[in-house]
Amino acid sequence: MSDAWIDIDLDAIANNYREITQHLSPGARVMSVVKADAYGLGAVPVARTLQKLGCQAFAVTTAEEGLILREHGVEGIILVLGPVSSEQMAEALEGDLQLTLSDFYMLRKWEAVAAELGKEAKVHLKLETGMGRTGFFEKDWELLAGLLKESPHITPVGVYTHLARAAQRDQAYTRQQVECFQRGVKVLEEHGFTGLWKHVCNSAAFLDYPEWHYDFIRTGTLLIGHFPATAFAGKLKLQDPWVAKARIVSLRRVPKGTFVGYQSIYRTKAETQLAVIPVGYADGFGVQPHFVPQGVWDFIKIVIKNFLALCGIYRGQETVTLQGHKIPVAGKIGMQLTVLDVGDLSCETGDEVVLPLRRTQANPRLLRQYWSEKRLIAKRNIKEGFLQSYPEYP
Ligand SMILES: *Cc1c(COP(=O)(O)O)cnc(C)c1O
């Protein structure tokens, strides 16, 4: 039994999937994006759950992620969204992964490798329409179509693009991107590439533009119970399947004036109880993504926060939840240990606290622990059929 872990509620994910499918335009299907270990929830159990509900298409970033799904019995379409090197091609084709073709170097290499293996590479063509990451630019579409005709081992099955500002609800920019995409589809069709699956919507665009659902919508954020931005909140009835927890592993009563942690930046203001939990920045606790100010107001907020921190008024402290109360972290978060100032709250060693961990930053160890414990419990339980109800992972 571990003292820090993540609880996953697969029923909540199932609920979110059903909720999404009810808002699909006719003819469209869900491509479940389960990259980055399903945004930190466990790609295998999440994909299996969705497969049971009828999901026929999945997307990941790397070939390796796709192969892990295949090894664990995920069927249907698995699209690799990111670039795949020619060294990874053999395995990717063996695993029947569909690949994103996004530049001419790939096209040349892949055709050569697929020819050598005597295999057909099913690809989705990625069009650059304004994301500026990967994809063929408009000036190159004619050339692309021509070269595809000379690449017998490359079979386009889909065409797509990725929207940069859908979550910001920048309608003008998004429309411009989709119109560009439509011009690309037209060029391809003129060259005989008809009937390709088309997909442009991520979670935000799915909610805002039913007219662009096409053959697939690609969603990950909504499946895991989040909205792409607060402006979308309430548009679907989503449930949160994820909660990170830890147990108090040590509890002591200390007098007023006790220094806590590295650099002694925290000092107790009265007699209190200090609790230790076995998580720290090695688990992703207290780790923040780099914040880039988007305007003058953002910038002013940063300056104010830093000024208050300098005066010792604001420390940007994390809080955890214990018995429904917000409890402040005392002092600096350590590598794997963190101290909480629990005051006079009546609690004991072994009590559970809920952690504000960011999903994609949470150490995968916490998640694996959870799934392997589920598996152990399932194995111990001799009841017929019980084992099947818990997916094995990893
Ligand atoms: C991550 C990703 C998605 C999913 O987007 P969400 O808004 O997180 O649902 C869709 N398409 C591509 C290409 C992606 O990289």
Above 12 or not: heavy atoms from other molecules or residues under 6.0 Å from CD of Glu211? yes

If every non-hydrogen atom of Thr319 is compared with every non-hydrogen atom of Pro328, which pair is closest and at what distance? CG2-CA, 4.1 Å

With a 4.5 Å heavy-atom cut-off, do Leu97 and Val84 have their side chains touching? no

Using the rule that Ile, Leu, Val, Met, Phe, Trp and Tyr join whenever any side-chain heavy atoms are under 4.5 Å apart, tell me whether Val187 and Phe137 fall into a single cluster. no

Quick check: is Val243 connected to Phe227 through a chain of hydrophobic side chains (ILVMFWY, heavy atoms under 4.5 Å apart)? no

So, applying side-chain hydrogen bond (donor to acceptor under 3.5 Å, both in side chains) with His162, which one of Lys126, Arg218, Gln177 is it? Arg218

Sub-3.5 Å donor-acceptor pair from the side chain of Thr338 to the main-chain atoms of Val279, do we have one? yes

Is it the case that the side chain of Thr268 and the backbone of Thr258 share a donor-acceptor pair, with hydrogens and angles ignored and the cut-off at 3.5 Å? yes

Can you tell me if Gln51 uses its side chain to pair, donor with acceptor, with the backbone of Glu75 under 3.5 Å? yes

Please test Val44 against Glu71 for side-chain contact (heavy atoms from CB on, under 4.5 Å), starting from the C-alpha separation and ending with a verdict. CA-CA 9 Å; Val44 171; Glu71 278 161 25; over 6 Å; no

Are the side chains of Met335 and Tyr281 in touch, meaning some heavy atoms are under 4.5 Å apart? yes

Specify the closest pair of heavy atoms between Leu69 and Ala47, including all atoms of both residues, with the distance to one decimal. CD2-CB, 3.9 Å

Counting heavy atoms not belonging to Glu116, are there more than 12 under 6.0 Å from its CD? no

Out of curiosity, does Trp212 fall in the hydrophobic cluster containing Leu196 (side-chain heavy atoms, cut-off under 4.5 Å, transitive links)? yes

Between Asp9 (side chain) and Pro241 (backbone), is there a donor-acceptor pair under 3.5 Å? no

Kindly say whether Lys237 contributes a backbone atom to a donor-acceptor pair with the side chain of Glu19 at under 3.5 angstrom? yes

Give the C-alpha distance, both sets of side-chain angles, the deciding distance and a yes or no for side-chain contact (heavy atoms from CB on, under 4.5 Å) between Val159 and Phe193. CA-CA 10 Å; Val159 54; Phe193 295 103; over 6 Å; no

Hey, are Asp341 and Lys269 close enough for a salt bridge, meaning a charged N less than 4.0 Å from a carboxylate O? no

So do Cys201 and His213 actually touch side chain to side chain, heavy atoms under 4.5 Å? yes

Checking the side chain of Thr221 only, and the main-chain atoms of His226 only, is there a donor and an acceptor separated by less than 3.5 Å? no

Any side-chain donor paired with an acceptor under 3.5 Å for Trp5 and Asp7? yes

Nearest heavy atoms of Ala282 and Asn363, plus distance in Å: O-ND2, 3.0 Å

Would you call Thr321 and Lys326 a side-chain contact if the rule is heavy atoms closer than 4.5 Å? yes

With a sphere of 6.0 Å drawn around CZ of Arg252, does it hold more than 12 non-hydrogen atoms of other residues, nucleotides or ligands? no

If we only count heavy atoms from C-beta on, is the Val74 to Leu50 side-chain gap below 4.5 Å? no

Taking NZ in Lys186 as the centre, count heavy atoms belonging to other residues, nucleotides or ligands within less than 6.0 Å. Is the count above 12? no

Heavy atoms from other residues, nucleotides or ligands near CD of Glu91 exceed 12 (cutoff 6.0 Å): no

Exactly one of Ile224, Leu223, Asn16, Ile13 clears side-chain contact (heavy atoms from CB on, under 4.5 Å) with Leu238, and that residue is Asn16

If you measure from the Lys or Arg side-chain nitrogens to the Asp or Glu carboxylate oxygens, is any gap between Asp344 and Arg253 under 4.0 Å? yes

Cation-pi between Arg169 and Phe232: NZ/CZ under 6.0 Å from ring centre and within 45° of the ring axis? yes

Measure from the side-chain N and O atoms of Glu64 to the backbone N and O of Ile68, and report whether any donor-acceptor pair falls under 3.5 Å. no

For the residue pair Pro152 and Glu111, establish whether any side-chain heavy-atom pair is separated by less than 4.5 Å. yes

With the side chain counted from C-beta on, respond yes when Leu125 and Leu148 share a heavy-atom pair under 4.5 Å apart, and no when they do not. yes

Same apolar cluster: Met131 and Leu163, side chain cutoff 4.5 Å: no

Shortest non-hydrogen contact between Leu355 and Ala246, atoms and distance: CD1-CB, 4.1 Å

Is there a path of hydrophobic side-chain contacts, each under 4.5 Å between heavy atoms of I/L/V/M/F/W/Y residues, joining Trp141 to Leu147? yes

Got a donor-acceptor contact below 3.5 angstrom from the Thr100 side chain to the Val80 backbone? yes

Are Leu322 and Ile248 close enough that some pair of their side-chain heavy atoms sits under 4.5 Å apart? yes

Over all atoms of both residues, closest heavy-atom pair of Ala244 and Leu357: CB-CD1, 3.8 Å

Anything under 30° is parallel, anything over 60° is perpendicular, the rest tilted; go ahead and classify His124 against Tyr160. perpendicular

Quick check: does any side chain N or O of Asn202 sit under 3.5 Å from a backbone N or O of Ala205, one acting as donor and the other as acceptor? yes

Any donor-acceptor pair under 3.5 Å linking the side-chain atoms of Glu142 with those of His191? yes

If every non-hydrogen atom of Ser25 is compared with every non-hydrogen atom of Pro210, which pair is closest and at what distance? OG-O, 2.7 Å

Would Lys245 and Asp351 satisfy salt bridge (charged side-chain N to carboxylate O under 4.0 Å, His left out), going step by step from the backbone distance to the final call? CA-CA 10 Å; Lys245 291 179 181 168; Asp351 283 359; over 6 Å; no

Is there a donor-acceptor contact under 3.5 Å from the side chain of Gln273 to the main chain of Gly343? yes

Is Gln171 atom CD crowded by more than 12 heavy atoms from other residues, nucleotides or ligands, each under 6.0 Å away? no

Between Trp197 and Arg29, does the side-chain contact (heavy atoms from CB on, under 4.5 Å) criterion hold? Intermediate values first, please. CA-CA 11 Å; Trp197 288 320; Arg29 291 187 279 171; 3.9 Å; yes

